[in-house]
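The shown structure was predicted, so the numbers you read here are calculated from the model rather than taken from an experiment. Convention: sequence-line order gives letters A, B, ...; per-chain numbering from 1.
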Amino acid sequence: MVAITLPDGSVRNFDGPVTGLALATAIGPGLAKAALAIKVDGALKDLSAAIERDAAVEIVTTKHAAALDLIRHDCAHVLAEAVQELYPGTQITFGPSTETGFYYDFARNEPFTPEDFARIEARMREIVDRNEAITREVWPRARAIEYFNSKGESCKAEWVNELPAGEELTIYRQGEWLDMCLGPHLPSTGKLPKAFKLMKVAGAYWRGDQTRAQLQRIYGTAWASEDQLKTHLHQLEEAEKRDHRRIGREMELFHQQEEAVGSIFWHPKGWTLYRAVENYMRARVQRAGYVEIKTPQLLDRRFWEASGHWDKYAEAMFAVQPRSESAKEHDGERAYALKPMNCPGHVQVFLQGIRSYRDLPIRFAEFGSCHRYEPSGALHGIMRVRAFTQDDAHIFCTENQITEECKAFCALLMSTYKAFGFEDVRVGFGDRPALRAGSDAIWDKAEAALRRGAEAAGVNYVLNPGDGAFYGPKLDFHLRDAIGREWQCGTLQCDFVLPERFNATYVGEDGQKHRPVMLHRAILGSLERFIGILIEQYAGKFPLWLAPVQCVVATITSDGDAYAVEVRDQLRAAGLRAETDLRNEKINYKVREHSLAKVPLMLVVGRREAEGRMVALRRLGGQAQEVLALDDAIHRLVREAAVPSH
RNA sequence: GCCCCAAUAGCUCAGCGGUAGAGCAACCGCUUCGUAAGCGGUAGGUCGUUGGUUCAAAUCCGACUUGGGGCACCA
């Protein structure tokens, strides 16, 4: 007897093992037709899988949460079958589902181009129409290797060879075609909704390893229905509209050009935004007991040799030499490097004079401008650049102070993110990696202290085993933005290697020299990148305190010019960023233009307002206008534009 | 760095072997107008750079540069 509990709580009894399909058929023919797979005690299985014991079973249809993943994985297989039919000699390798679709990596000498997509998609639809049965087989390893080798599928054969011994090797066959795969899959290709679309082709390394062959990856998106597909494509268009590069240009925030690859030309409005962010961080950090410093941009190469960066990050460092002949005579072959990070500089400041335990913790903050030669393929708008500024700080403290410092930092970070409109923060805890510096005793202490700090600050984290830096454990902070994307920004790292390397010490209560611990921490990460994230988060519609132009005073006719200028000047005197629009244009035109420019507030002044010393206030995105006295308006706007108080 | 794609007016794009085009923006007039585009006119380009093919190249081919999408990288 096998008793099967269905999601509604009802129980069905069978005389012996029963397949998913038989179960669905027993419940109803409609369900049997719609069934794609089953979930047995939470584990997804083929519809043909036999349920041998009492279990809780769900029938997965396109409505089920697990359906999309199945559909996408099947889509990858159908893509691979179509490609191998159309392009003989192409090797299959690996093709999983992704968050919005699937991809499949192929090995083939000739490139695939987007022009091939229509042809491949058409063949995929044909395969769906063929309604090929998808069946699962268990093969002995030798047979699989022989089979794949005979087909010229060397990647697959290599993979089979490396499967852990004892692991079952399953083959999924659909029609003439087959692939080694863990499954599960739909019962036949005909069950696959035709709501898929090939999106792009890209290079990808075999096994994700740069030193191995480069494969061609074809990406697609797949959904349970045409409507869902359409919605997804629409969302992609919407995401494109908030692209920081596009908004940066439209709002005249910044530009980039060929002669300064990886750097940013900040325009007046963009720099206003930048300073609003920087000044906010400056105030927060000051209030949290940090002292701000500034360390050199250019340091002797020997300094970086001593710190270990010269060797470890050789490819990523900019080396600089003076051009003048006399300098060469004087300095010889002396070379300098632009700093790629701030920590070694901060240690130098710590090293000046004798530090007492009474001085600790010392918190050095710096808006540190760093240069790194990022690989060309990594550059991306202002998100990934070669010249950037970190909201960096290093806390020198005793081991006993780690917990308290971690706690204070986490609290500072969380409240800062909140001020910028990010409520959803994911935290990762990276503990000791296999290759590491420092004794196990110190790691025990550092990990425990960091954990206690995070917990005391009320931070929930997921453990990423072995993900810590070689010099200490770390916390990573990921923000989720308005359209659900994640950005890693903040970090907190415990370091007991650098103080050692630079021989940093403090005098303890006992009169002896002790080694301080160094906490590396950043909240925004890179200012440039964070501003890019802010632009995309708000789609350019910044909260008032960040908006580059907060208000525009617009006239109805030129009679209002003098009053408009006065209003603007009063707004400015009250600390608001205000402009006038006195152009000979209709108010409709002005409203439209400043709305598109995402100015949060418009103060319209006509004859009536001028006479009564009033303004008509209109908010971005709103229809209503509010007419109020100028003084009242200024008071209110000043209050609204205040930077977040914590 | 690697693979694919792209580069035409300030922006968005058309033109795809035979004399460089549109809309918006800009500039100049007219219009003084009450909450998302008034009207008319003018100007604007070494078609990313550089080689080649051709009687003829924005258009076809190669190289380079930059950008985009991925992969790899991200102290």
Side-chain angles (χ1 to χ4, degrees), chain A residues 98 103 105-106 108 110-117 199-219 240 243 245-246 249-250 252 255-262 304 307-309 312-313 315-317 339-344 370 372-381 383-386 388 390 392 469-471 474 488 491 493 495 497-498 520 525-526 529 554-561 582-597 602-609 616-627:
Chain A
T98 65
Y103 65 77
D105 288 346
F106 299 100
R108 175 180 180 237
E110 298 73 38
F112 288 111
T113 73
E115 279 78 62
D116 297 319
F117 286 2
M199 302 297 281
K200 53 201 171 194
V201 53
Y205 299 105
W206 171 231
R207 303 283 189 98
D209 182 344
Q210 204 175 351
T211 62
R212 303 175 90 147
Q214 182 149 34
L215 308 172
Q216 299 188 64
R217 175 171 297 179
I218 296 179
Y219 279 93
E240 205 182 313
D243 187 301
R245 293 162 298 197
R246 176 195 184 116
R249 183 177 58 238
E250 287 171 353
E252 300 175 317
H255 87 269
Q256 297 177 279
Q257 67 187 47
E258 238 178 90
E259 294 84 350
V261 172
W304 299 110
S307 72
H309 293 87
K312 189 152 198 253
Y313 302 109
E315 297 297 306
M317 285 179 71
K339 71 171 166 183
M341 57 196 313
N342 307 301
C343 15
C370 297
R372 296 178 187 173
Y373 189 84
E374 301 287 0
S376 58
L379 300 174
H380 176 80
M383 301 278 206
R384 188 88 181 266
V385 286
R386 289 181 177 152
F388 58 95
Q390 293 176 315
D392 206 0
F470 77 94
Y471 48 72
K474 68 171 184 188
Q488 190 190 324
T491 184
Q493 302 164 8
D495 180 0
V497 169
L498 214 54
H520 306 241
S526 133
R529 180 173 130 95
T555 50
I556 305 269
T557 71
S558 53
D559 293 343
D561 287 3
L582 309 181
R583 291 175 306 171
N584 178 12
E585 297 288 353
K586 289 191 174 180
I587 194 63
N588 283 310
Y589 183 89
K590 296 184 182 181
V591 166
R592 176 180 155 82
E593 234 187 33
H594 299 299
S595 299
L596 290 175
M602 282 193 73
L603 287 73
V604 175
V605 296
R607 189 155 39 85
R608 294 200 298 269
E609 286 78 14
L617 187 63
R618 182 196 167 100
R619 290 168 193 279
L620 179 60
Q623 305 284 330
Q625 316 139 39
E626 189 181 2
V627 178

Study note, to complete from the structure: Taken to the nearest whole Å, CD/Glu585(A) to P/A36(B) is 15 Å
Practice item. Please measure how far the P atom in G1(B) lies from the corresponding atom in G17(B), and state the result in whole Å. Key: 34 Å
Check your understanding: When you check the phosphate oxygens OP1 and OP2 of G1(B), does a side-chain N or O of Ser376(A) lie under 4.0 Å from one of them?
Key -> yes
Point to revise | For A72(B), the Watson-Crick or wobble counterpart (both distances under 3.5 Å) | key: none
Practice item. Name the closest nucleotide to the Ala204(A) side chain, picking from C71(B), C33(B), A75(B). Key: C71(B)
Revision key, fill the gap. As its Watson-Crick or G-U partner within any shown strand, both distances under 3.5 Å, G21(B) has C13(B)
Exercise for review: Examine Arg108(A) relative to Phe112(A) and say whether NZ or CZ is less than 6.0 Å from the centre of the six-membered ring and inside a 45° cone about the ring axis.
Suggested key: yes
**Study point:** OP1 or OP2 of A25(B) under 4.0 Å from side-chain N/O of Tyr589(A)
**Key:** yes
Point to revise | Rounded C1' spacing from U12(B) to G51(B) in Å | key: 32 Å
Point to revise | Rounded distance in Å - NZ (Lys590(A)) to P (G38(B)) | key: 12 Å
Point to revise | Same-atom distance (C1') from A36(B) to C24(B), integer angstrom | key: 16 Å
**Study point:** Among C71(B), C73(B), G69(B), the one nearest Arg245(A) by side-chain distance
**Key:** G69(B)
Practice item. Could you tell me whether Ile587(A) contacts a base, only the sugar-phosphate backbone, or nothing, with contacts defined as non-hydrogen atoms closer than 4.0 Å? Key: sugar-phosphate
Review point. How far does CG of Leu617(A) sit from CG of Leu603(A), to the nearest 0.5 angstrom?
Key: 5.0 Å
**Study point:** Pairwise P distance for U8(B) and C60(B), with rounding to whole Å
**Key:** 15 Å
Study note, to complete from the structure: Using Watson-Crick geometry (N1-N3 plus N6-O4 or O6-N4) or G-U wobble (N1-O2, O6-N3), each under 3.5 Å, A36(B) is paired with none
Review point. To the nearest angstrom, how far is Arg246(A) atom CZ from C24(B) atom C1'?
Key: 14 Å
Practice item. Report the distance from atom CD of Glu374(A) to atom C1' of C73(B), rounded to the nearest whole Å. Key: 8 Å
Exercise for review: Using the P atom on both, measure C4(B) against A20(B) and round to a whole Å.
Suggested key: 33 Å
Review point. Out of A75(B), C33(B), A36(B), which nucleotide sits closest to the side chain of His309(A)?
Key: A75(B)
**Study point:** N/O donor-acceptor pair, side chain Tyr205(A) with base G1(B), under 3.5 angstrom
**Key:** yes
Check your understanding: Taking the six-membered ring of Tyr373(A), is NZ or CZ of Arg386(A) closer than 6.0 Å to its centre and within 45° of its axis?
Key -> yes
Practice item. Have a look at Gly381(A) and say if it touches a base, only the backbone sugar-phosphate, or nothing, with a 4.0 Å heavy-atom cut-off. Key: sugar-phosphate
**Study point:** With sequence neighbours excluded, residues passing side-chain contact (heavy atoms from CB on, under 4.5 Å) with Ala202(A)
**Key:** Tyr219(A)
**Study point:** Nearest-Å distance for atom pair CG/P, residues Asp559(A) and G34(B)
**Key:** 12 Å
Check your understanding: Rounded to the Å, how far apart are Glu252(A) CD and A25(B) P?
Key -> 14 Å
Practice item. Look at all strands and tell whether His380(A) reaches a base, only sugar-phosphate, or nothing, counting heavy atoms closer than 4.0 Å. Key: sugar-phosphate
Review point. Under 3.5 Å, is there an N or O donor on one side and an acceptor on the other linking the side chain of Glu609(A) and the base of G34(B)?
Key: yes
Review point. Counting any heavy atom closer than 4.0 Å, what does Arg608(A) reach on the DNA or RNA strands: base, sugar-phosphate only, or nothing?
Key: base
Review point. C1' atom, G62(B) versus U54(B): distance in rounded Å?
Key: 16 Å
Check your understanding: Between G38(B), A36(B), U66(B), which nucleotide has the shortest distance from any of its atoms to the side chain of Val261(A)?
Key -> U66(B)
Point to revise | Side-chain heavy atoms of Leu379(A) within contact of Val261(A), under 4.5 Å | key: yes
Practice item. Please tell me which of Leu215(A) and Leu379(A) maps to the more 5' nucleotide of RNA chain B, matching each residue to the nucleotide holding its nearest heavy atom. Key: Leu215(A)
Exercise for review: Choose from G69(B), U35(B), G1(B) the nucleotide whose nearest atom is closest to any side-chain atom of Gln210(A).
Suggested key: G1(B)
Practice item. Could you state the atom-to-atom distance from CZ of Arg583(A) to P of A36(B) in whole Å? Key: 16 Å
Review point. Is any side-chain N or O of Arg217(A) closer than 4.0 Å to OP1 or OP2 of A72(B)?
Key: no
Review point. Under 6.0 Å from the CD atom of Glu110(A), do we count more than 12 heavy atoms belonging to anything else shown?
Key: yes
Review point. For Ser595(A) and Tyr471(A), take the nucleotide of RNA chain B holding the closest heavy atom to each; which residue's nucleotide lies nearer the 5' end?
Key: Ser595(A)
Practice item. Would you mind classifying the nucleic acid contact of Ala554(A) as base, sugar-phosphate or nothing, using non-hydrogen atoms under 4.0 angstrom? Key: nothing
Polar-atom pairs under 3.5 Å, protein N or O versus N or O of nucleotides 4-14 of chain B: list them with distances, or write none.
unit_1: U12(B); atom_1: OP1; unit_2: Arg249(A); atom_2: NH2; d: 3.0

Check your understanding: Can the positive tip of Arg217(A) be found less than 6.0 Å from the middle of the six-membered ring of Tyr103(A), inside 45° of the ring normal?
Key -> yes
Review point. Which part of the nucleic acid, if any, lies within contact of Lys200(A), taking any heavy atom under 4.0 Å across all strands shown: a base, the sugar-phosphate backbone alone, or nothing?
Key: sugar-phosphate
Point to revise | Sugar-phosphate only, base, or nothing, as touched by Tyr219(A) at under 4.0 Å among non-hydrogen atoms | key: sugar-phosphate
Exercise for review: Tell which nucleotide pairs with A7(B), taking only Watson-Crick or G-U wobble pairs whose two distances are both under 3.5 angstrom.
Suggested key: U65(B)
Exercise for review: Using a heavy-atom cut-off of under 4.0 Å over every strand shown, decide if Ala469(A) touches base, sugar-phosphate, or nothing.
Suggested key: nothing
**Study point:** C1'-based separation of C28(B) from U46(B) [nearest Å]
**Key:** 28 Å
Point to revise | Counter-base of C27(B), judged by Watson-Crick or G-U geometry with both distances under 3.5 Å | key: G41(B)
**Study point:** Under 4.0 angstrom between Asn588(A) side-chain N/O and U35(B) OP1 or OP2
**Key:** no
Review point. In whole angstroms, how far is the P atom of C64(B) from the CD atom of Glu259(A)?
Key: 20 Å
Point to revise | Modelled atom types, side-chain donor and acceptor of Asn342(A) and Gln390(A), under 3.5 Å | key: yes
Review point. So with a 6.0 Å cut-off around CD of Glu240(A), is the heavy-atom count from everything else above 12?
Key: no
Check your understanding: Can a donor-acceptor pair under 3.5 Å be found between the side-chain atoms of Arg384(A) and the base atoms of C73(B)?
Key -> yes
Review point. Mind checking the P distance from A14(B) to G52(B)? Whole angstroms is fine.
Key: 30 Å
Point to revise | Separation between OG1 of Thr555(A) and CZ of Arg607(A), rounded to the nearest 0.5 Å | key: 13.5 Å
Exercise for review: Would you check if Arg372(A) and Met317(A) make a side-chain contact, meaning some heavy-atom pair closer than 4.5 Å?
Suggested key: no
